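As the structure lists them, so they are numbered: ligands from 1, and atoms in each ligand from 1. Residues take their numbers from the sequence shown, with the count starting at 1. Predicted model, so just to flag it, every value in this text is computed and none were measured.
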Amino acid sequence: MNVGIIGTGYVGLVTGAVLSEIGHVVTCLDINEEKINTLNKGQSPIYEPGLDEILARNIEANRLCFTTSTQEAFAQADIIFIAVGTPQGEDGAADLSYIEQAAKDIAINVNHNVIVVVKSTVPVGTNDRVEGIIHANMTAGLQIHVVSNPEFLREGHAINDTFYGDRIVIGAEDSIARDKVESLFKSLNIPIMHTNRRSAEMIKYASNAFLGVKISYINQISNLCEALGADVNAVADGMGMDHRIGRAFLNAGLGYGGSCFPKDTEALIYLASENGVNLSIVQSAIQANSEQRYIYVQKVINHFKGEVVGKKIAILGLAFKPNTDDMREAPSIMIIKELVARGAEISAYDPVVKKSPYLEGIKLTYAATKEECVSESDAILLVTEWSEFIEADWAKLMTYSNNAAVFDGRHILKF
Ligand code: UGA
């Protein structure tokens, strides 16, 4: 099939790459010319394991191309995906301006029957709104159906998750449009769930919020374990053996970050309050999530008896999680800011993030290696669980430090 994709962020780019890999002809559209030029050379603007190879292979095979031209992206398309960002607005609600613009662009530039698939994470009712915008602005007589198909990929595992996902959710009001979207994914052999558009939109938010709640739950349990001398990893293992609970997303740590859980939990709270519905469980999870980072910083401060001025603190890991260069809502940002504000001297190292605009103006040194990072340090903070840190020879690493105390923010080190 011929596919157009609006937006080359994580979701659009990975979707486009995978659809081309399974044989569809894909044109990805973005307004950022520099990004498009980089992509046409087969280079991904984001760090995502396996993505560069798929891009290069499918560009070479003429199944994948990138453009800034709306006409080019839509001309042959049987299906157009909307995969633009839905950033958090000031009140917590998702900002839908990019989605609305995409809907207008489709309506104005498409002259043939097409199916529009909304892949971006959008508040319940947005697919209806997109269809309304398209129908109000399109050439009369065309048939344009809108289908919801939320994305469940994780950064750092995006390719794998797209090929081997647990489910594909298709929310449609028209059965012909639904079947056509289903046939697009057929060869992936992933279970497909049919529902209406509003339920599909809700499945995405409810799933992300549930996982956020699960993480906040285990984080609070970990605080209690620490107070009582229990081992949270053993507790999570024991809980996880119960199939009704499951072990996934029971890794206690520094709270969830990234571009999805923080934004989507807030958006869901907004949706609930707009509709007069109590969603206090999610609200509590959000609060617990932000407290978790302060609890960690406080532990470091307590170790130094309340005074960190002039203390050399090594931060291992900046990205919000391993296998990504994404710094959005990364715990490292708050931890570094808080310690710098209290007079600590920070040295930071990440295997992929070499410098970050999220830390612009903050006094810190970026180390080139983990050894350089911990050199002469009084404390080592393991903030992101990169395998480079898990597999390190810690006895040797510690010899570079000033007899540092280690704060394992991810409960991952074995000593
Ligand atoms: C998440 C979801 O897992 C995806 O299914 C979804 O498609 C995506 O959001 C999205 O909405 O686009 P992602 O944010 O890439 O994916 O990352 P996760 O691997 O889910 O991790 C999210 C956060 O939770 C990270 O900060 C991670 O460190 C934290 N986490 C995860 C824990 O603290 N403990 C865990 O056990 C698992």
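At a heavy-atom distance under 4.0 Å, only side-chain atoms of K204, from C-beta outward, approach ligand 1. The residue V11 has no part lying near ligand 1, judged by heavy-atom distances below 4.0 Å.
Shortest contact from atom 19 (O) of ligand 1 to any protein heavy atom: K321 NZ, 2.9 Å. For atom 15 (O) of ligand 1, the closest non-hydrogen atom of the protein is E155 N, 2.7 Å. When only non-hydrogen protein atoms are considered, atom 10 (C) of ligand 1 lies nearest to C260 SG, 2.8 Å. Of all protein heavy atoms, the one lying nearest to atom 28 (O) of ligand 1 is R410 NH1, 3.4 Å.
Residue R178 holds its CZ atom at 10.5 Å from CD1 of I192, rounded to the nearest 0.5 Å.
At under 3.5 Å, not a single nitrogen or oxygen of Y256, backbone or side chain, sits near a nitrogen or oxygen of ligand 1.
In the candidate list F152, Y10, F261, F261 is nearest to atom 22 (C) of ligand 1, counting heavy atoms. When the options N323, I215, L250 are ranked by their closest heavy atom to atom 24 (O) of ligand 1, first place goes to I215. Closest to atom 35 (C) of ligand 1 by heavy atom, among N208, N251, L153, is N251.
Heavy atoms of G257 approach ligand 1 to within less than 4.0 angstrom. The closest approach between any non-hydrogen atom of I218 and ligand 1 is not below 4.0 Å.
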